[in-house]
Asks: 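For reference, the structure I am asking about is given below.
Every heavy atom of this structure was used, including side-chain atoms; hydrogens, water molecules and symmetry mates were not.
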Amino acid sequence: MFNDYLSILEFSKLAGVSTSKLRYWDKEGILRPQQRDPNNNYRRYSKDQLDTLNFITTLSLLGFSHKIINELLVSRNPEVVSTLLQKLDMQVLHEMGILVKRCAYIHSWSEFIHIGMNVKDGSVQEMYLDDRRMNELPRNIYNDGEDFRAPLYSYFSETKLFGVNPHLPMGWLYSDMSSFKSAPERPAHFLSIDPSGSKVRKPGNYLVGFVRGNYGELGDLPDKMILYAKKHSLTCSGSVYTMYVHTHICTNDPSQYLAKCSVAID
């Protein structure tokens with residue numbers, strides 16, 4: 001009676017599907033064996049079931065849920081499958097967009113952390129920097145005696161309003177070297193270092209300095225950069241970008257945060 005049927009092991013080898021998956025599909029009602037041996041209740045499959053198995057594995061590979069596969073096993077027709085494929089396509093495109101953005105965020109953090117691992121605290125040097133995309137928040141407003149904390153806390157509470165991601169690397173923007181030196185604890189703007197940001201720091205030659213310390217604690221780095229520029233007959237022009245390449249992501253000691261400060265030079 002069972003000579004024309006295959007054991008679960010034989011069917012598994014023929015179909016290229018594990019026996020555990022066949023047992024799971026049987027339990028879920030997706031692909032039940034054609035027969036059960038009345039003597040030992042062993043599963044017996046028909047070669048004709050290979051078409052059904054291929055249908056199941058194809059839809060599983062495409063990403064359809066077991067529930068939908070079960071429904072299609074009963075009501076399978078081109079119109080229904082086409083509609084489901086269109087919906088699945090939109091879902092996958094959405095997920096791809098999220099993954100692409102996530103990948104860009106990973107690269108940003110990885111790049112910043114790597115930069116910080118290969119520099120010396122307090123060093124100043126001339127460097128060519130590529131363009132850098134970021135989002136710039138509205139200009140900070142300070143009351144008497146306030147430092148960066150008040151606008152920073154406001155920034156974190158209103159990130160959705162500004163359309164920025166607070167979990168990306170962070171930057172501070174100073175109007176010029178003068179404000180960078182005189183009030184390092186009061187940047188003009190906060191920056192979110194976002195690969196899809198609308199503001200772009202132009203590529204070119206920059207004077208770059210690195211310093212460890214908590215947010216706003218730049219020590220004598222501004223003086224060092226000004227002295228370096230004067231000694232090498234360089235003209236600093238435009239805004240000063242301070243990007244925190246090492247933060248809470250890689251250290252639990254705020255005094256070990258690392259800032260990369262850069263200003264365009266002629």
Asks: Same cluster or not: are V92 and L84 linked, directly or through other Ile, Leu, Val, Met, Phe, Trp or Tyr residues, by side-chain heavy atoms under 4.5 angstrom apart?
Replies: yes
Asks: Could R32 and D26 be called an ion pair, given the rule that one side-chain N must be under 4.0 Å from one carboxylate O?
Replies: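 Salt bridge: yes.
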Asks: Considering all heavy atoms of both residues, which atom of K120 and which atom of S123 are nearest to each other, and what is their separation?
Replies: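 Of all heavy-atom pairs spanning K120 and S123, the closest is O-OG, 2.7 Å.
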Asks: Within the distance-only criterion (no hydrogens, no angle test), does the side chain of S60 pair as donor or acceptor with the backbone N or O of I56 below 3.5 angstrom?
Replies: yes
Asks: Name the residue from F190, Y257, W172 that meets the ring pair (Phe, Tyr, Trp, His ring centres under 6.0 Å) definition with Y244.
Replies: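 When ring pair (Phe, Tyr, Trp, His ring centres under 6.0 Å) is applied between Y244 and each of F190, Y257, W172, only W172 qualifies.
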Asks: What residues form a ring-ring contact (aromatic ring centres under 6.0 Å, His included) with Y241, not counting sequence neighbours?
Replies: none
Asks: Checking Q34 now: which residues fulfil side chain to side chain contact (heavy atoms under 4.5 Å, CB included) with it, not counting sequence neighbours?
Replies: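 Once residues adjacent in sequence are excluded, the partners of Q34 under the side chain to side chain contact (heavy atoms under 4.5 Å, CB included) criterion are Y5, S46, Q49.
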Asks: Could you list the residues that satisfy ring-ring contact (aromatic ring centres under 6.0 Å, His included) with H232, not counting sequence neighbours?
Replies: Y228
Asks: I need the single residue from L53, L50, L9 that forms a side-chain contact (heavy atoms from CB on, under 4.5 Å) with L14. Which is it?
Replies: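 The side-chain contact (heavy atoms from CB on, under 4.5 Å) with L14 is passed solely by L50 among L53, L50, L9.
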Asks: Return the set of residues passing side chain to side chain contact (heavy atoms under 4.5 Å, CB included) with P169 (not counting sequence neighbours), or none when no residue passes.
Replies: S108, W109, F112, I193
Asks: So, S154 side chain and A150 main chain: donor-acceptor pair closer than 3.5 Å or not?
Replies: no
Asks: When you measure from the side chain of D51 to the backbone of N54, do you find a donor-acceptor pair of N or O atoms at a distance under 3.5 Å?
Replies: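 Side chain of D51 to backbone of N54: no pair is present.
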Asks: Is the closest side-chain heavy-atom distance between P187 and F180 below 4.5 Å?
Replies: no
Asks: Salt bridge between K181 and D223, side-chain N to carboxylate O under 4.0 Å?
Replies: yes
Asks: Taking C-beta and beyond as the side chain, do Q91 and L88 meet within less than 4.5 Å on heavy atoms?
Replies: yes
Asks: Can you confirm whether V17 sits close enough to W25 that some side-chain heavy atom of one is under 4.5 Å from a side-chain heavy atom of the other?
Replies: yes
Asks: If we only count heavy atoms from C-beta on, is the R44 to S7 side-chain gap below 4.5 Å?
Replies: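 Of all side-chain heavy-atom pairs linking S7 with R44, at least one is under 4.5 Å.
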Asks: Do L258 and V240 sit in the same hydrophobic cluster, where Ile, Leu, Val, Met, Phe, Trp and Tyr count as joined when their side-chain heavy atoms come under 4.5 Å apart?
Replies: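 No, separate clusters.
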Asks: Hey, is the main chain of L173 close enough, under 3.5 Å, to the side chain of H189 for a donor-acceptor pair?
Replies: no
Asks: Please report the closest heavy-atom contact between R133 and S196, naming both atoms and the distance.
Replies: NE-C, 4.4 Å
Asks: When you compare the side chain of I249 with that of I113, does any pair of heavy atoms fall below 4.5 Å?
Replies: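 The answer is yes, as the side chains (C-beta and beyond) meet within the 4.5 Å cut-off.
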Asks: Determine whether M177 and V263 make a side-chain contact, defined as any pair of heavy atoms from C-beta on separated by less than 4.5 Å.
Replies: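 Result yes, sub-4.5 Å side-chain heavy-atom pair found.
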Asks: If we count only N and O atoms by modelled type, under 3.5 Å, do the side chains of T235 and S237 hold a donor and an acceptor together?
Replies: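 Looking only at side-chain atoms, S237 and T235 do not form any donor-acceptor pair under 3.5 Å.
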Asks: Report the residues that fulfil side chain to side chain contact (heavy atoms under 4.5 Å, CB included) with R23, sequence neighbours left out, ordered by chain and then residue number.
Replies: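 Residues passing side chain to side chain contact (heavy atoms under 4.5 Å, CB included) with R23: I8, T19, R43.
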Asks: So do the side chains of L72 and I69 get within less than 4.5 Å of each other, counting heavy atoms only?
Replies: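 No - every pair of side-chain heavy atoms lies 4.5 Å or more apart.
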Asks: Between Q256 (side chain) and D253 (backbone), is there a donor-acceptor pair under 3.5 Å?
Replies: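 Looks like no, no N/O pair under 3.5 Å.
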Asks: Give every donor-acceptor pair under 3.5 Å between a side-chain atom in residues 198-210 and any protein atom, sequence neighbours left out.
Replies:
residue	atom	partner	partner atom	Å
K199	NZ	E136	OE1	3.2
R201	NH2	D130	O	2.7
Y206	OH	K202	O	2.6

Asks: N77 side chain to V80 main-chain N or O, any donor-acceptor pair under 3.5 Å?
Replies: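 Here the side-chain-to-backbone pair exists.
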Asks: Give a yes-or-no answer on whether the side chains of N140 and Y142 include a donor-acceptor pair shorter than 3.5 Å.
Replies: yes
